[in-house]
Amino acid sequence: QVQLVESGGGSVQAGDSLRLSCTASGSTFSNYVMGWFRQTPEKEREFVARITWSGNMIRYAESVKGRLTISRDNALNLVYLQMNSLKPVDTALYYCAAGSLSTSPHGYAYWGQGTQVTVSS
């Protein structure tokens, strides 16, 4: 079992930055690929980014490439999502997840409760 808690969301203006954090506890953090997903009431949960234990395999959704950066600190059981040049379309509930090497939500067994990011124009 892995417990995940996200933090760092908020309301910002377009062009601003935020850093989301995800704290993991329970099972061995380094066993899992860590991912970030996001969801709005109008859309299904969509992939944002994922990172392997070593950090040598990172993948981003096309819509966030060059603006969002995923990283992890295995010693502290933390995963980050640095979000720069935010746009109103980035407004969503952001989830941290632990699982396998996948861009599908079905590849992740453990989820946090989510942290809201709202970007106004």
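Just the heavy atoms: all of them, side chains too, but no hydrogens, waters or symmetry mates, feed the values below.
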NZ (Lys87) and OG (Ser120) are apart, to the nearest 0.5 Å, by 15.5 Å
Answer whether the closest heavy-atom distance between the side chains of Tyr110 and Tyr32 falls below 4.5 Å.
yes
Ser121 and Gln13: which non-hydrogen atoms are nearest, and at how many Å?
O-OE1, 3.7 Å
Contacts of Arg67 that satisfy salt bridge (Lys or Arg N to Asp or Glu O under 4.0 Å) - sequence neighbours left out:
Asp90
Tyr95 side-chain N/O to Thr115 backbone N/O, donor-acceptor pair under 3.5 Å:
no
Flag the pair Phe37 / Trp111 as yes when their ring centroid distance falls below 6.0 Å, and as no otherwise.
yes
Have a look at Thr69 and tell me which of Arg19, Met83, Gln82 forms a side chain to side chain contact (heavy atoms under 4.5 Å, CB included) with it.
Gln82
Give a yes or no answer on whether the side chain of Thr52 reaches the backbone of Met57 with a donor-acceptor pair at less than 3.5 Å.
yes
Same hydrophobic cluster for Ile58 and Leu20, using side-chain heavy-atom links shorter than 4.5 Å among ILVMFWY?
yes
Kindly indicate whether the side chain of Val79, heavy atoms from C-beta on, has any atom under 4.5 Å from the side chain of Ile70.
yes
Contact summary for Ala92 and Thr40, nearest pair of heavy atoms
CB-CG2, 3.7 Å
Taking all non-hydrogen atoms of both residues, which atom of Gly99 and which atom of Tyr108 are closest, and how far apart?
N-CD2, 3.4 Å
Heavy-atom check, side chain of Thr23 versus side chain of Asn77, under 4.5 Å
no
For the student: nearest non-hydrogen atoms of Val2 and Ala24, plus distance:
CG1-CB, 4.3 Å
Measure from NZ or CZ of Arg72 to the centre of the six-membered ring of Tyr80 and say whether it is under 6.0 Å with the direction within 45° of the ring axis.
no
Do Arg59 and Thr103 make a side-chain contact, defined as non-hydrogen atoms from C-beta onward lying under 4.5 Å apart?
yes
Strictly distance-based, threshold 3.5 Å: is any side-chain N or O of Ser104 a donor or acceptor partner for the main-chain N or O of His106?
yes
Between Thr91 (side chain only) and Val119 (backbone N and O only), is there a donor and an acceptor less than 3.5 Å apart?
yes
Trp53 atom CH2, neighbour heavy-atom count above 12 within 6.0 Å
no
Over all heavy atoms of both residues, which pair between Ala14 and Pro88 is shortest? Give the atoms and the distance, please.
CB-CD, 4.1 Å
What I'd like to find out is whether the side chain of Ile51 reaches to under 4.5 Å of the side chain of Val33, using heavy atoms alone.
no
Could you tell me if the side chain of Val12 sits less than 4.5 Å from the side chain of Leu18, heavy atoms only?
yes
Can you tell me how far the CE atom of Met34 sits from the CG atom of Asn74, to the nearest 0.5 Å?
9.5 Å
So if I apply the side chain to side chain donor-acceptor pair (under 3.5 Å) rule between Tyr94 and each of Glu6, Gln39, Gln116, Arg38, which one comes out positive?
Arg38
Please answer: with hydrophobic residues joined when any side-chain heavy atoms are less than 4.5 Å apart, are Val64 and Phe47 in the same cluster?
no
Selection residues 12-121 - residue pairs positive for disulfide bond (SG atoms under 2.5 Å apart), sequence neighbours left out
Cys22-Cys96
Measure the shortest side-chain to side-chain distance between Val48 and Leu68 over non-hydrogen atoms and say whether it is less than 4.5 angstrom.
yes
